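See structure below.
Throughout, a chain's letter reflects where its sequence line sits, starting with A, and its residues are numbered from 1. Hydrogens, waters and symmetry mates play no part in the numbers below; they use all other heavy atoms, side chains included. Remember, it's a predicted structure, so these values are computed and weren't measured experimentally.
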Number of protein chains: 2
Amino acid sequence: MPQFENLKLDRQLCFALYSATNSITRMYRGLLDEYDLTYPQYLVLVVLWEKDGIAIKEVMKRLNLDSGTLSPIIKRLQIAGLVEKVRTDKDERIVRLLLTDKARKLQPMIADVQNQVACQTELSSEEFFELLDRLNQLAASLNNTEAKQSVAS
Amino acid sequence: MPQFENLKLDRQLCFALYSATNSITRMYRGLLDEYDLTYPQYLVLVVLWEKDGIAIKEVMKRLNLDSGTLSPIIKRLQIAGLVEKVRTDKDERIVRLLLTDKARKLQPMIADVQNQVACQTELSSEEFFELLDRLNQLAASLNNTEAKQSVAS
DNA sequence: TAATAATATATTGCACACAACACAGTTGTG
DNA sequence: CACAACTGTGTTGTGTGCAATATATTATTA
């Protein structure tokens with residue numbers, strides 16, 4: 001349990017995350033613009049390219065986002081002709097997402113985008129995966145402790 | 001320059017950043033709610049607690065945000081009675097931000113918030129600072145290469 | 001010095017993120 | 001079977017982020 005003596009911005013892990021994420025998103029924006037996709041829309045496609053036809057609920061879990069965020073994103077992907085919604089017969093509440101041909105054709109064109117971003121991180125392969133591990137570990141801790149807020153410090 | 005063979009979400013550093021940042025912001029929301037502050041509003045205050053009376057332009061640089069983002073945030077802080085705007089005499093374009101008494105009194109009450117979040121990261125002090133270093137290094141690389149997009153991969 | 005460029009800030013429009021709420025469909029319990 | 005609790009999805013309202021643009025002030029240059 002680390003303790004910190006002041007509020008100096010340079011010491012704040014959270015701000016470092018926040019700021020790096022903003023920079024990354026800006027970078028993706030430049031690369032995805034020509035496909036008329038935003039970064040969150042791209043993430044939904046990544047999930048579906050990985051496993052097509054899963055329920056919206058699964059996408060929510062996978063991306064760590066709620067329905068208020070995902071609903072409009074999916075609606076835009078639907079309008080763009082990239083995904084289709086189908087209700088399951090077994091349980092009429094569940095909506096599964098299906099990639100269209102257009103979306104499948106898009107995948108090889110977009111596959112290079114993340115490499116371009118990865119290159120601009122200027123990290124070695126080792127550093128890259130180490131940072132990735134730490135972040136995933138952090139995310140796990142955060143998701144575990146979320147909602148049990150007032151832990152003694 | 002790392003190369004990656006596929007789009008798997010688990011391999012994506014950018015998504016790990018994005019997702020961790022969302023989790024962190026959610027956590028801050030819970031802790032800052034009682035002060036009627038959002039995380040970005042809190043960040044502006046942190047900058048000013050560190051150095052009161054600086055120009056909006058400096059806050060923009062420090063937080064890596066543009067005027068379209070900061071203007072409304074500052075306006076809300078102003079309405080909340082936490083900051084005041086003063087134009088400089090030398091250069092009438094420049095607006096400096098001054099903390100109010102109310103904001104100064106708030107600092108000790110909020111000082112503990114970041115410790116609470118830091119605790120919930122469940123990282124050792126060493127891990128914490130190592131991750132922080134890597135993120136700052138990453139941010140530096142990103143800010144260097146921003147705008148020169150189409151680097152050969 | 002008048003036209004031009006650059007700078008600091010603000011506004012507008014679009015797309016997230018999320019809390020709070022709404023609602024249809026399903027499950028569990030008497 | 002009735003009916004309450006739960007689940008999966010959607011909507012609404014607020015506050016970011018950011019590109020594009022606007023405006024006022026200062027600096028530069030022809």
A/Tyr42 and A/Tyr28 aromatic ring geometry - parallel, tilted or perpendicular at 30°/60° bounds: tilted
Shortest non-hydrogen contact from B/Ser19 toward A/Leu63: OG-O, 4.4 Å
Salt bridge (Lys or Arg N to Asp or Glu O under 4.0 Å) assessment of B/Arg134 paired with A/Glu130: CA-CA 9 Å; B/Arg134 288 233 184 283; A/Glu130 194 184 309; 3.2 Å; yes
Rounded distance (Å) that lies between atom C1' of C/dC18 and atom OH of B/Tyr18: 11 Å
First and last nucleotide of DNA chain D, 5' to 3', lying under 4.0 Å from heavy atoms of chain A: D/dT7 to D/dA19
Nearest-angstrom distance from the residue atom CG of A/Leu70 to P of C/dA19: 14 Å
Evaluation steps, side-chain contact (heavy atoms from CB on, under 4.5 Å), between A/Leu82 and A/Leu37: CA-CA 11 Å; A/Leu82 294 170; A/Leu37 286 174; 3.8 Å; yes
Could you list the protein-to-nucleotides 25-29 of chain C atom pairs, N/O on both sides, closer than 3.5 Å?
| from | atom 1 | to | atom 2 | distance (Å) |
| --- | --- | --- | --- | --- |
| C/dG25 | N2 | A/Arg93 | NH1 | 2.8 |
| C/dT26 | OP1 | A/Glu92 | N | 3.0 |

N or O in side chain of B/Arg26 less than 4.0 angstrom from C/dA17 OP1/OP2: no
Under 3.5 Å donor-acceptor, A/Thr100 side chain and A/Gly81 backbone: yes
Salt bridge (Lys or Arg N to Asp or Glu O under 4.0 Å) between A/Glu58 and A/Arg96, worked out: CA-CA 9 Å; A/Glu58 297 304 318; A/Arg96 297 195 310 129; over 6 Å; no
Reference residue A/Asp52; test side-chain contact (heavy atoms from CB on, under 4.5 Å); the match among A/Leu97, A/Leu98, A/Val47: A/Leu98
Rounded distance (Å) that lies between atom P of C/dC16 and atom OH of A/Tyr28: 15 Å
Sugar-phosphate only, base, or nothing, as touched by B/Lys85 at under 4.0 Å among non-hydrogen atoms: sugar-phosphate
Derivation and outcome, side-chain contact (heavy atoms from CB on, under 4.5 Å), residues B/Met60 and B/Leu65: CA-CA 5 Å; B/Met60 282 170 52; B/Leu65 294 171; 5.7 Å; no
Spacing of A/Tyr39 atom OH relative to C/dA17 atom C1', expressed in whole Å: 15 Å
side-chain contact (heavy atoms from CB on, under 4.5 Å) between A/Arg26 and A/Asn22, intermediate numbers included: CA-CA 6 Å; A/Arg26 275 195 290 273; A/Asn22 284 341; 4.0 Å; yes
Geometric class of the B/Tyr18/A/Tyr39 ring pair [parallel <30°, tilted 30-60°, perpendicular >60°]: perpendicular
Spacing between B/Leu32 atom CG and C/dC18 atom P, to the nearest angstrom: 15 Å
Sugar-phosphate, base or nothing in reach of A/Leu65, heavy atoms under 4.0 Å: sugar-phosphate
Check: B/Val95 main-chain N/O paired with B/Arg87 side-chain donor or acceptor under 3.5 Å: no
Grab the N/O contacts between the protein and nucleotides 11-15 of chain C below 3.5 Å, and write none if there aren't any.
| from | atom 1 | to | atom 2 | distance (Å) |
| --- | --- | --- | --- | --- |
| C/dT11 | OP2 | B/Lys75 | NZ | 3.3 |

